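Scroll down for the structure; my scribbles are underneath it.
This structure is a prediction, so every number in the text was calculated from the model and none was measured. Numbers here are sequence positions counted from 1. One-based numbering, in listed order, for ligands and for the atoms of each.
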Amino acid sequence: MTYRAGWIHFTNVAPILDSLVLPAGVTAITGVPTEMNEALLSRRVDIANISAVEFIRNADQLEALPDFSVAVLGPVYSVNLFHTRPLPELRRIALTSQSAMSVALLEVLLRQRGLSPVLERAEGTAEELLAAGYDGVLRIGDSALREWYGVVGPLTPETTMTSLPHTARAPSGLHITVTDLAEEWFTLTGHPFTFAVWAYHKDNPPPPALVQAMREARREGIGHLAEVAGRHAQKLGLPERVVQHYLWNFRYHLEAPDRLGLTEFAAMAVPGHAPLRFGPRPGAAVTTR
Ligand SMILES: C=C(O[C@@H]1C=C(C(=O)O)C=C[C@H]1O)C(=O)O
């Protein structure tokens with residue numbers, strides 16, 4: 001029988017997916033987070049890297065691989081609230097329909113500050129939506145990374161990703177502030193933020209050969225990060241330095257601090273959720289080439 005995988009194929013997963021050789025009997029489709037969340041929950045796929053909040057909401061049915069995550073400690077650069085007034089004055093925020101996780105994170109962060117702007121789904125670039133009358137726009141993934149750089153870039157020999165400003169005059173003439181939600185989470189909690197986990201239904205775990213292939217692909221990707229970044233910088237139309245820093249910054253192993261961030265977020269966003277369950281840890285055996 002075929003085992004079906006569903007991959008969110010944003011650049012941040014390239015260090016795992018680019019070198020992945022699917023074992024015999026495994027097929028894969030790709031899509032944006034909300035599509036993969038739905039595909040897993042409706043069992044159109046058997047495993048997917050999904051928005052961590054959907055894993056939490058469906059913890060009674062799902063289990064996650066114990067050592068795979070898309071997480072960061074501090075800024076992520078691609079989960080951004082673009083806004084034209086200070087956060088406490090925001091009245092209407094446009095949300096992306098691609099994301100479940102960033103919406104849940106934004107809701108937690110707004111609640112912590114006692115803010116309750118209107119949140120509504122709307123498509124378009126941040127600049128288009130801000131020009132159309134929204135005072136905040138939430139965007140994720142590759143386009144959010146590009147739009148962030150379009151507002152606060154360019155990098156010069158004297159600057160680094162972390163020294164770029166948060167507010168700048170965009171090409172449209174609007175003064176835009178970019179609030180990085182993972183950085184806000186870090187300020188609030190001091191923990192990493194875990195955006196995605198690799199989840200499957202408890203009764204249908206992945207074949208060990210697939211998990212082994214994923215671990216090998218990740219080792220290959222992280223071991224050749226400059227090459228991965230170089231390829232994707234071209235596709236994204238961004239400087240290699242930007243994509244290298246962006247990828248190097250991710251935490252892909254769901255380590256103890258990433259789980260702590262995940263459980264802390266779960267308690268805030270989905271009170272009363274079922275216990276989070278993870279598959280067996282990889283054995284001590286290390287493969288060498
Ligand atoms: C950091 C990101 O993580 C992704 C964001 C997700 C979401 O917002 O639902 C889901 C999976 C992650 O891989 C990003 O794509 O910018």
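- Both the sub-6.0 Å distance and the 45° axial angle are not jointly satisfied by Arg139 relative to the ring of Phe82.
- Contacts of Ile8 with ligand 1, taken as heavy-atom pairs under 4.0 Å, involve the side chain alone.
- Distance check: Thr96 OG1 to Leu106 CG gives 12.0 Å after rounding to the nearest 0.5 Å.
- Cluster partners of Val21: none. The rule joins Ile, Leu, Val, Met, Phe, Trp and Tyr whenever side-chain heavy atoms lie under 4.5 Å apart, and it links nothing here.
- Residue-ligand proximity, Val76 to ligand 1, at heavy-atom distances under 4.0 Å covers atoms 1 (C).
- Separating the CD1 atom in Ile176 from the NE2 atom in His83 is a distance of 10.0 Å, to the nearest 0.5 Å.
- No close placement of the Phe250 and Phe195 rings is indicated, their centers lying 6.0 Å or farther apart.
- When each of Glu35, His9, Met36 is paired with Thr30, the side-chain contact (heavy atoms from CB on, under 4.5 Å) condition holds for His9 and for no other.
- Proximity to Phe195 (heavy-atom distance under 4.0 Å) selects the following atoms of ligand 1: 1 (C), 3 (O), 12 (C).
- Residue Ser78 approaches ligand 1 through these ligand atoms, each under 4.0 Å from one of its heavy atoms: 1 (C), 14 (C), 16 (O).
- The Phe10 neighbourhood of ligand 1 comprises atoms 15 (O), with distances under 4.0 Å to a heavy atom of that residue.
- Relative ring orientation between Trp185 and Phe265 is described as perpendicular, the plane-to-plane angle rising above 60° on a 0-90° scale split at 30° and 60°.
- The N/O atoms of Val70, backbone and side chain alike, include none that comes under 3.5 Å of an N/O atom in ligand 1.
- Atoms of ligand 1 lying under 4.0 Å from at least one heavy atom of Gly141, given by number and element, are 14 (C), 15 (O), 16 (O).
- Close approach of ligand 1 to Ala196 is summarised as follows: ligand atoms under 4.0 Å from at least one heavy atom of the residue are 11 (C), 12 (C), 13 (O).
- Screening Arg281, Arg215, His253 for a side chain to side chain donor-acceptor pair (under 3.5 Å) with Asp67, the sole residue that qualifies is Arg215.
- For ligand 1, the polar-atom distance check against Asn12 finds a nitrogen or oxygen pair separated by under 3.5 Å.
- Of the protein's non-hydrogen atoms, Ser51 OG, 2.6 Å is the one closest to atom 9 (O) of ligand 1.
- Between Ala100 and ligand 1, a contact under 3.5 Å exists for at least one N or O pair.
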